[in-house]
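Below: one structure, written as structure tokens.
In the text below, chain A, chain B and the rest are named by the order of the sequence lines, each starting its count at 1. Computed from a prediction, not measured in an experiment: that's the story for all the values here.
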Protein chains: 4
Amino acid sequence: MPEPTKPQPTGATGKPGSSAAKPPPRRRQARGERRIAQLLDAAANVFCATGYTAASTNAIAREAGVSPGTLYQFFPNKEAIAVELGDRLMDRWRESHGLTAANLHLPLDQLLDAVLDPLIAFNEENPAFAVLMHGPDTPGRIAQEFANLHMGLLSRIEEALASYLPDTPPAELTRIATMTFSIFKAGLDQILSHQGTERQAYAAELKKVMFRYLEPIVCEAELPTGTP
Amino acid sequence: MPEPTKPQPTGATGKPGSSAAKPPPRRRQARGERRIAQLLDAAANVFCATGYTAASTNAIAREAGVSPGTLYQFFPNKEAIAVELGDRLMDRWRESHGLTAANLHLPLDQLLDAVLDPLIAFNEENPAFAVLMHGPDTPGRIAQEFANLHMGLLSRIEEALASYLPDTPPAELTRIATMTFSIFKAGLDQILSHQGTERQAYAAELKKVMFRYLEPIVCEAELPTGTP
Amino acid sequence: MPEPTKPQPTGATGKPGSSAAKPPPRRRQARGERRIAQLLDAAANVFCATGYTAASTNAIAREAGVSPGTLYQFFPNKEAIAVELGDRLMDRWRESHGLTAANLHLPLDQLLDAVLDPLIAFNEENPAFAVLMHGPDTPGRIAQEFANLHMGLLSRIEEALASYLPDTPPAELTRIATMTFSIFKAGLDQILSHQGTERQAYAAELKKVMFRYLEPIVCEAELPTGTP
Amino acid sequence: MPEPTKPQPTGATGKPGSSAAKPPPRRRQARGERRIAQLLDAAANVFCATGYTAASTNAIAREAGVSPGTLYQFFPNKEAIAVELGDRLMDRWRESHGLTAANLHLPLDQLLDAVLDPLIAFNEENPAFAVLMHGPDTPGRIAQEFANLHMGLLSRIEEALASYLPDTPPAELTRIATMTFSIFKAGLDQILSHQGTERQAYAAELKKVMFRYLEPIVCEAELPTGTP
DNA sequence: GATGAATGAGGATTCATTCAT
DNA sequence: TATGAATGAATCCTCATTCAT
């Protein structure tokens, strides 16, 4: 039917987290949906191979076995590809193993196991996730296109921490969360750049780092009554 | 392996002073040396502004106020600029505050203060150092051109650790050093991306992370006699 | 030669009503006719907004709220859209206010009023008409796709002039008509690019130009007997 | 010090008309200056052949026999090429036959001859001038990049008219000038799109149009006192 | 008839690098 | 040395058009 359907720029389906009132995600044929998946897979590969900055849209299209024009039918630009890929990975992560409320009552070491093991596994299966978490090599600033992903993860950490540290001032909470996230990313990189037992050893090491960092913080908060 | 090897970096004017038989540095290189410094300064700025991958040699030349041709008179390619800049920063670091033998007998907390404070200060003054430590956003692999810098720092950490942990197997030592370095880089990024008191708070936080991570390792090693 | 020939413009649905034997217009073309109108309206908008050369068929389809494929179901290419739009505008113009035979006996000033006022009004309502009269910015040559429109208008002017100047050689007649048309287009552009009273002032000015240009020509022809 | 030398974007040397304090026009080698001329010649050809909108920078480079990169060493974009070409043609025009003060005291018919003949000749030799005067086929607005050229010519006409019509209100003056310019462009197009005697005939015709349009305006102004 | 997918050549522009002066 | 010119492949992206559903 003539029904105009609102051009709806392209690609990105919607921010994660804003669950209500998703705008009808643009009528698309099944083939198109497949193409998008294909392109995002290709993008993941290329991002992993060359990093975000050096990745080229043509390379992504080539990797996906389509022409450059096709890519641009679904994504307005390189940035949008990264955003959409990040969103989808984030969704996938949340759906499969998200930080469940149950975990939040575990003791720290078990919490770390409960969170990190699947998260590491997820990153092993989706190495592009790590690439996107880092963003372009532009230092300092978090590039606009990665802000979603970054904030998404960061705020989840912050929430989790908040439940352990209800009395900590927000600024400090943010700092601890930021540091934790930062450390995690650093450790994850090491894990992913090793293989086999060494990889496991690094995973164990990361847990040590995080446990030792967070334990005093958490304990101190948990026992405000007795210990001097 | 870890042994840094200083790989005679650029193709340009072999650095005087590095090898045993110093040929009297020729006069006509004085200007050249100035040019090089100029170019490296410019490169540092551009790398900081845009990251390594996105930095263009033309932009570096422009920033240095010279023509592209001039740049290539001193460096065979973009990579060499990064390498040389990294080497020089590394030298500068070593010369000014390098991990002196004296420090190695300090207790851990003091050691961290002694090492991290000047290192952070150095990075504040030379933000390109952090950019180069990270290398391009290509994940996992350490790009060839940044291997020197990376290994240089890493092996110094490893040496230091070795003096605290003489009985630890080398593989583990490497792993701890790698992790430590990784954490440091991560923390440094946070420090550098904040300002004022918040920056200081992040620095303190980084020290906490590192102290808590390393303390048990070091303690355990230090007291092989008394513990049951 | 000037004779317009109405070149059976698009490849699509031969316009009913043009040839002698009217085949009863098939029902299923009703929708098609609407689509075409829709597309031509959209094309008019896009041509006005960006000019012919820079207009894209995708933009036209989008503006019409249909898919590119649909557009090509009715028009074989971009050119055909312009041609058909031009033809329709021309038809519309002819049907509503065409140079009626009656006008041809008015004195020049009244003739100009009689012709120009509605023509200007028509162009105000259909600004795409002016765009199409000019064609692409390719200078000199009249692009193939705009020849119809151009010749259509030109020959009408020429006919009108011929009735005033029966003894003028055809070459000169063509020249005067061409010049007149050219001036008209130029003036029209000015009119359309102004607003309100200024627009009216330009319209008046255009009439002055044309009147003063044509008056001596016409007068001289009208009084072949007396004047030296 | 390195003295940065101010990047000085590229290409365009400076606006015409601002004669004082020309910024030192960027050190350039002779070869470069030749290239620029070459490129502008090529651009003129391509603009004439295809019009501004459809002209491609690659086509210009090809026509000039250089690589696309070379073009961009001298011009930051297509627009700048048009601007510079326009400026140079304008300068060339002014230098050779500009409206000299002497002309301003001639009777109108002689003035028109004095101005139009060389101007037409100039346009015959530099057909790109006409293309640039028209600008892109975007209707109405005068595109930014052509404003200079347009205003340059328009204001010269306006000045000339002002000397004939000292008592006319400025708005009207502008209108008359605009109309005159518009007519001239229209006539010029016809002249240029014909050949030989026909071309001359069109030139004569244009003069008629302009003379007849302007004569009453000028006369009326010239004889406020004594008219019989 | 309608849709959205697909194409691939071509658009402007950049960039690492080399060359002539 | 130093410069600016030159390169050409590669960048992102667009567009007229065709195809499969």
Query raised in the report: Which base sits across from F/dT7 as a Watson-Crick or G-U pair, both distances under 3.5 Å?
Result: E/dA16

Query raised in the report: For F/dT21, which nucleotide in any strand shown is its Watson-Crick or wobble partner with both distances under 3.5 Å?
Result: E/dA2

What integer distance in Å separates [X]:[atom1] from [N]:[atom2]?
X        : N      : atom1 : atom2 : result
A/Leu71  : F/dC15 : CG    : C1'   : 16 Å
C/Ile60  : F/dA16 : CD1   : P     : 8 Å
D/Arg62  : E/dT13 : CZ    : C1'   : 15 Å
A/Tyr52  : F/dC12 : OH    : P     : 10 Å
C/Glu145 : F/dA16 : CD    : P     : 13 Å
A/Glu33  : E/dG4  : CD    : C1'   : 12 Å

Query - side chain to side chain contact (heavy atoms under 4.5 Å, CB included) partner of B/Ile81, chosen from B/Leu39, B/Ile36, B/Leu40 - result: B/Leu40

Side-chain contact test, heavy atoms from C-beta onward, threshold under 4.5 Å: evaluate it for [X] versus [Y] and give yes or no.
X       : Y        : value
D/Tyr52 : D/Asp137 : no
C/Val83 : C/Asn148 : yes
D/Asp87 : D/Leu149 : no

Report summary line: Letter by letter from the 5' end, nucleotides 16-21 of chain E scores (B base, S sugar-phosphate only, - none; protein heavy atoms under 4.0 Å) BBBBSS

Query raised in the report: Would you say a side-chain N or O of B/Arg35 is under 4.0 Å from OP1 or OP2 of F/dA2?
Result: yes

Query - E/dG8 OP1/OP2 closer than 4.0 Å to side-chain N/O of A/Ser67 - result: no

Requested in this report: Indicate the atoms forming the closest heavy-atom contact of B/Pro136 with B/Thr53, along with that distance.
Outcome: CB-OG1, 3.5 Å

Report task. Before giving the answer on salt bridge (charged side-chain N to carboxylate O under 4.0 Å, His left out), spell out for D/Lys78 and D/Glu84 the whole-Å C-alpha distance, their side-chain angles and the decisive distance to 0.1 Å. Result -> CA-CA 10 Å; D/Lys78 188 169 127 180; D/Glu84 179 67 9; over 6 Å; no

Requested in this report: Scan side-chain atoms only and decide if A/Tyr72 and A/Thr57 contain a donor-acceptor pair under the 3.5 Å cut-off.
Outcome: yes

**Report entry** Residue mapping more 5' on DNA chain E - nearest nucleotide basis, A/Gly65 or C/Thr70
**Finding:** C/Thr70

